[in-house]
Number of protein chains: 2
Amino acid sequence: MKRGLSEACYKFFSNMSNPTRLAVLEKLMEKPMSVNELADALKQEQSMVSHNLKQLLECNFITQQRRGKQRIYSANQETIGALLKILDNHAQKYCPTGGKCHLRGD
Amino acid sequence: MKRGLSEACYKFFSNMSNPTRLAVLEKLMEKPMSVNELADALKQEQSMVSHNLKQLLECNFITQQRRGKQRIYSANQETIGALLKILDNHAQKYCPTGGKCHLRGD
DNA sequence: ATTACATATGAGATATTATTCATATATAAA
DNA sequence: TTTATATATGAATAATATCTCATATGTAAT
């Protein structure tokens, strides 16, 4: 089902709704990293990390810059930071521990 | 791949990353509605709307209240409103028309 | 120009998620 | 207490997204 604003939002949120990409973003919020650094840190295959970086890049959740042979990726602090803030606020207010909501890592 | 904060965020974002649920939220941001009103408005099957309402409810993106035989659903204006604001800001700044990003409904 | 290293990418296999259909439950009215 | 209406739910199917593997590309050093 695709239409209107919903369709417009869909790419945004679906890009965020993947554990690998979220883990990548989490790392990149700390500091910029290369593909292999990310792959090592997350214990994931380089190709998988690359695939997911590409998607994050398409929505400009991250940016890229070259350093020698490497590509250094950085998080879009503005957007990602704001999202995490909302998520945190929502979880605190609306997702008490023990409920059906698994937001808080239970 | 599931872990830490990433896992905590995952349910939040994956719940939002579905065209039907986004369409439902869009409608509910305008005004509270019953299941059949939503189904009519979105031209979707009642059972499908119900399934998706259930998921939105699990993350408290919406609330429920009974009115006779009906169940009236309302959006969590605080969280959903904040998310849409960020999305809008992000799209304006980082997703110029014509790029690879399809956020703005192109 | 050959080699090594870092990253990207395509395509198939797999996993996840959504949708549909049939049916159950719950409320209220007759 | 039967019937009608509103909604929920389980299970099978369909659609979509992810991951893996093989390999390509791009950069720099020798």
Side-chain angles (χ1 to χ4, degrees), chain A residues 1-3 6-7 9-25 27-28 32-59 61-74 100-102, chain B residues 1-3 6-7 9-28 32-59 61-74 100-103:
Chain A
M1 199 212 147
K2 301 223 175 190
R3 47 178 288 291
S6 307
E7 178 176 6
C9 296
Y10 177 65
K11 182 153 184 169
F12 184 96
F13 289 116
S14 63
N15 207 333
M16 295 290 294
S17 77
N18 172 285
T20 303
R21 289 193 290 279
L22 286 168
V24 165
L25 286 173
K27 284 290 169 197
L28 294 183
M33 293 175 89
S34 73
V35 179
N36 277 327
E37 284 171 340
L38 281 167
D40 287 355
L42 304 177
K43 296 192 178 87
Q44 298 293 324
E45 293 209 353
Q46 171 269 316
S47 69
M48 181 178 154
V49 173
S50 276
H51 277 301
N52 283 295
L53 285 168
K54 189 185 182 185
Q55 287 198 58
L56 290 169
L57 208 51
E58 276 174 14
C59 272
F61 290 146
I62 59 175
T63 56
Q64 213 184 21
Q65 113 195 64
R66 189 181 289 286
R67 186 175 68 191
K69 296 177 203 170
Q70 299 180 114
R71 281 180 188 224
I72 307 299
Y73 287 88
S74 311
K100 274 188 182 176
C101 177
H102 295 255
Chain B
M1 201 214 143
K2 303 222 173 187
R3 47 178 288 290
S6 307
E7 178 176 5
C9 295
Y10 177 64
K11 182 152 184 171
F12 184 96
F13 289 116
S14 65
N15 206 333
M16 295 289 295
S17 77
N18 171 284
T20 303
R21 289 194 289 279
L22 286 169
V24 165
L25 286 173
E26 190 180 358
K27 284 290 168 197
L28 293 183
M33 293 174 86
S34 73
V35 178
N36 277 326
E37 283 170 339
L38 281 167
D40 286 355
L42 304 176
K43 296 192 179 88
Q44 299 293 324
E45 293 209 352
Q46 172 269 314
S47 69
M48 180 177 154
V49 172
S50 275
H51 277 301
N52 283 295
L53 285 168
K54 189 185 183 185
Q55 289 199 57
L56 290 170
L57 208 51
E58 276 174 14
C59 272
F61 290 147
I62 59 175
T63 56
Q64 215 184 20
Q65 111 194 66
R66 190 180 289 285
R67 188 175 68 193
K69 298 177 202 169
Q70 299 181 115
R71 281 181 187 220
I72 307 298
Y73 286 88
S74 311
K100 273 187 183 176
C101 176
H102 296 256
L103 258 181

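Numbers restart at 1 for each chain; the letters A, B, ... are given by sequence-line order, proteins then strands.
Taking B/Ser50 as the reference, B/Gln46 meet the side-chain hydrogen bond (donor to acceptor under 3.5 Å, both in side chains) condition, with sequence neighbours excluded.
A 4.5 Å side-chain heavy-atom check between A/Leu56 and A/Leu28 finds every atom pair outside the cut-off. A/Leu25 is listed as a side-chain neighbour of A/Met16, based on a closest heavy-atom distance under 4.5 Å. Counting only heavy atoms from C-beta outward, the side chains of A/His51 and A/Gln55 never approach each other to under 4.5 Å. Put simply, the side chain of B/Tyr73 reaches to within 4.5 Å of the side chain of B/Leu57, judged on heavy atoms. B/Lys27 is not listed as a side-chain neighbour of B/Glu37, based on a closest heavy-atom distance of 4.5 Å or more. The shortest side-chain heavy-atom distance between A/Val24 and A/Ile62 does not fall under the 4.5 Å cut-off.
Rounded to an integer number of Å, the gap from CD1 of B/Ile72 to P of C/dA26 is 19 Å. Per the geometry, CD belonging to B/Gln70 stands 12 Å off P belonging to C/dA29, to the nearest Å. Going from atom CE of B/Met16 over to atom P of C/dT17 covers 16 Å, rounded to whole Å. Rounded to a whole Å, the CG atom of A/Leu42 is 14 Å from the P atom of C/dT7. Rounded to whole Å, atom C1' of C/dT27 lies 16 Å from atom CD of B/Gln65. Computed from coordinates, the B/Leu56 CG to D/dT7 P distance equals 16 Å when rounded to whole Å. Atom NZ in A/Lys69 sits about 12 Å away from atom P in D/dT27, given to the nearest Å. Following rounding to the nearest Å, A/Arg67 (CZ) and C/dA6 (P) show an atom-to-atom distance of 12 Å.
Residue A/Arg21 places at least one side-chain N or O under 4.0 Å from the OP1 or OP2 atom of D/dT18. For C/dA18, the OP1/OP2 oxygens have a side-chain nitrogen or oxygen of B/Gln55 closer than 4.0 Å. Residue B/Asn36 places at least one side-chain N or O under 4.0 Å from the OP1 or OP2 atom of D/dT7. Using a 4.0 Å cut-off, some side-chain N or O of A/Asn52 falls inside it from OP1 or OP2 of D/dC19. Between A/Asn18 and the phosphate of D/dT18, there is a side-chain N or O to OP1/OP2 separation shorter than 4.0 Å. The side chain of A/Tyr10 contributes an N or O atom lying less than 4.0 Å from OP1 or OP2 of D/dA17. Between C/dA6 and A/Ser34, no contact under 4.0 Å exists linking OP1 or OP2 to a side-chain N or O.
Residues A/Glu45 and A/Ser14 each lie close to DNA chain D; by heavy-atom proximity, the contact nearer the 5' end of the strand is made by A/Ser14.
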5' to 3', nucleotides 8-14 of chain D under a 4.0 Å protein heavy-atom cut-off (B base, S sugar-phosphate only, - none) gives BBBB---
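At the heavy-atom level, B/Glu37 lies nowhere under 4.0 Å from the strands shown.
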